[in-house]
Every structure is written in C-alpha cells, then in structure tokens.
Protein chains: 2
Amino acid sequence: MEDLRNDRDSWSNANCSIARAMDIVGSRSTILIMRDALLGTRRFDDFVRRVGIGEPAMAARLKELVGAGLLERIPYREPGQRTRHEYQLTAKGRELVPVITALRNWGDTWATDDTGPPILATHHDCGQPVRAVLRCEAGHDVADGDVDIIAGPGLIRQG
Amino acid sequence: MEDLRNDRDSWSNANCSIARAMDIVGSRSTILIMRDALLGTRRFDDFVRRVGIGEPAMAARLKELVGAGLLERIPYREPGQRTRHEYQLTAKGRELVPVITALRNWGDTWATDDTGPPILATHHDCGQPVRAVLRCEAGHDVADGDVDIIAGPGLIRQG
DNA sequence: TTGCTGGCTTCTATAGGCAGAAGTCAGATC
DNA sequence: GATCTGACTTCTGCCTATAGAAGCCAGCAA
C-alpha cells in the first residue's frame, strides 16, 4: 500500500465512480430532492416547498436529474384538470436508497438532536426498520474497520 | 401517506439527518478527501494532488473536517525530520465507509466506463469484495423497492 | 546562517449558485 | 373571451467558491 501511495502523484478522479456519483448527486439540494422523491413527492411545487430552495434552482436541479436519468418527467391528468407533468423515480434513482439510507444512518448517529427520527425506513414485508450494512461476497457481515480499501486500475492515473 | 403529504407544506430540513449529513460531507471535494483518507492518505500535499483541488480550498476543507470531528490533526515525526502534522480518520470519519461504499456501488453500476474498477474494497478477513446492502432489524435482506420511506416526527415542521 | 521543504495563508480575479420578484404559457373553467 | 392555476423562465443582484500565484513560517541539514 505504501509503495502505491509513493509511486503515484495523483488519481484519475474523472474515472473514479465515487467522483462521478458525486458529480450527479453530490449537492445538498440534489440529495434532498431524491429523499423527497423517495418519500413520494412528485410535483414541482411540492419539491420547491419541501426542499426549501427557490424555483429557478429547483427547475435546474430537476432538469439535471431528468437528464441524468434519475427522474422521469411523466404526463398525467387528474379529472377536470389539464395534462400536467410529474417527476417519477427511475430504477437508477431508486437504487440510491442504499446511499441515502447509509447517509441517514450516519446522520442519525453523528448529527441529530432530540426531536425524534427525521425519516423512517421500514421493510415493506415485516415493518422492521431498515439499515445499510456492509457485506462481502462470501456472505460475511463486515465491520467498518474490517474493510481494506485500495486504489484499483481505474483510479490510478493513466500516463 | 397521502394525507401526510397534503397536510404539510414543508419539512423541517434543519432537523433532517440527511440534510445535516450533507451539510458536513455533502460536497464532491469533501467526499473525495474522505475517500483518500480511507485509502491511507494522511498528508496535506498528498490530499492536494490526489483530490485535485487547490491548496486554499484543501486547507479550508481539512479545517472543516477536523472541526466536524471526521479527521484529527496529529503531530508525528519521522527520523531526521521536524515534527509535522497528519490527518487521521476518527471513528466518526471511518463510519462513513457504508456511505462511500454505497456511493461507489451506485457509481460502478450507473456511472463507469471500461477502464476497470476505480476502488477496490475487500473484507480484511477473507479478501472478498464488500458491498453495502440493506437489512431490516428482523434480519431480512431488503431490496431497494421493498423499503417504505415515510417522514418521521423529526422531519415534520413544528409550528 | 543559509538554504530547503512541507504546510499552510494571503491576494486577486473570475465563475457559478441562489433567492426573490416578476413575467410567461397552456389549457380547463366560467 | 376572460380568468385562474400549476409549472415553469427570465432578470437582477448578491454572495460564495475556486483556481493560481505568491508569500510566509518552522526547523533540520549543510
């Protein structure tokens, strides 16, 4: 590990999947939009009120998220209303659940006060609270400290 | 759930543990610093080169992370060198492993190219790759789509 | 005592993000 | 046709973030 660190001046962050993920969902408002989408919010005005950012910023974020394929802009029509559009989660968006769950677990441990749990996530089948945990492919539960993290071929700067 | 959405104009984001977590680790550079800290980077110059941001920005980020308790500034001394300082992960920082792992899983699935896996995380005991997965307290594995997410008492705006 | 090096801090200049208010637009209702 | 509403877009002005270059400081080595 030491050799690797000393050999290389820098990483190829453009190819790091963490850096790329952060390019897409790496702002507070983006994560809060996805949180609200997971809570069931669909409409522009509701997003604006609940996330607490201005309309121009929300329009830009939603456009980015639709462009990145995390949300889909779907026409719908309520009786007596004209056709409107709502923002629905795609598979790509829904697969952020582990990220948001891990973030929530961490925030609940290290950054809460005493007004109660802010978000509840439960297993649909049994109703029990859900957490993000680490597991290896051999099926072992893995503690945070038992993970070896090293730079792979995609991170090491080419040339 | 519908009633809840219609009853409330907005959430109390200041109390949302996701929002708070994002206030601390919610920027690209912060996450990349924590990624590199997990990869073993300790020194200011290495952080600057590997994360790829300027020195003033790095100094500010590191100060924030030390202030937030994710990193600790520790004096050390190599033989024949004067005393210097390095940045070590705290428990609070190391517990971001599930967040970063979930982010990496997502990025590997939805935002990679073909130059190979950027980061490898393996179980220290058995060497197998590690993933972030969802589990409920009854011990069931939970798929992304089987999580019910609702607003808890801490999120709903008081008054 | 004069480098030299790591680890910052200061300065400047620019680019981007965001709120708030106001304007636009489509189409259903009256 | 006039009005109304949700869903934006445009405009203005601020405020922050960042890069890049340069300067500063401590203290071991020569």
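Proteins get letters first, then strands, A, B, ... in listed order; numbering begins at 1 in each. For the numbers below, each heavy atom of this structure counts, side chains included, while hydrogens, waters and symmetry mates do not.
- Within a 6.0 Å sphere centred on CD of A:Gln128, heavy atoms belonging to other residues, nucleotides or ligands number more than 12.
- Mapping A:Pro56 and B:Leu62 onto DNA chain C by nearest heavy atom places B:Leu62 closer to the 5' end of the strand.
- Distance alone, capped at 3.5 Å, is enough to place a donor-acceptor pair between the B:Thr101 side chain and the B:Val97 backbone.
- Closest contact between the side chain of B:Ile53 and the listed nucleotides D:dG6, C:dA19, D:dA19 involves D:dA19.
- Using modelled atom types, one finds no donor on one side chain facing an acceptor on the other under 3.5 Å when comparing A:Asn13 with B:Arg28.
- C:dG6 atom P lies 18 Å from atom CZ of B:Arg42, rounded to whole Å.
- The CG-P distance, from A:Asp45 to D:dC8, rounds to 9 Å in whole Å.
- Put simply, NE2 on B:His85 is 13 Å from C1' on D:dG27, counting in whole angstrom units.
- One can place CD of B:Glu86 at 17 Å from C1' of C:dT5, the figure rounded to the nearest angstrom.
- At the phosphate of C:dC8, neither OP1 nor OP2 sits under 4.0 Å from any side-chain N or O atom of B:Lys63.
- Rounded to an integer number of Å, the gap from CG of A:Asp23 to C1' of C:dG16 is 15 Å.
- Residues A:Asp23 and A:Arg20 are not paired through a salt bridge, judged by the lack of any N-O separation under 4.0 Å between the basic side chain and the carboxylate.
- Proximity of A:Arg73 to the phosphate of D:dC8: a side-chain N or O atom is located under 4.0 Å from OP1 or OP2.
- Between B:Arg43 and C:dG7 there is a side-chain N or O to OP1 or OP2 distance below 4.0 Å.
- The nearest whole Å value for the distance from the CD atom in B:Glu55 to the C1' atom in D:dG23 is 12 Å.
- For B:Leu71 and C:dG7, the CG to C1' distance is 16 Å, given to the nearest whole Å.
- Side-chain contact check for B:Thr41 and B:Asp46: no donor-acceptor pair (N or O, by modelled atom type) lies under 3.5 Å.
- Rounded to whole Å, the distance from CZ on A:Arg84 to P on C:dT29 is 11 Å.
- As judged by a 4.0 angstrom heavy-atom cut-off over every strand, A:Arg28 is placed among residues making no nucleic acid contact.
- Comparing A:Gly54 and B:Phe44 by the nucleotide of DNA chain C that holds the closest heavy atom to each, the one mapping nearer the 5' end is B:Phe44.
- Nucleic acid contact for B:Tyr87: sugar-phosphate only, since backbone atoms but no base atoms lie under 4.0 Å from a heavy atom of the residue.
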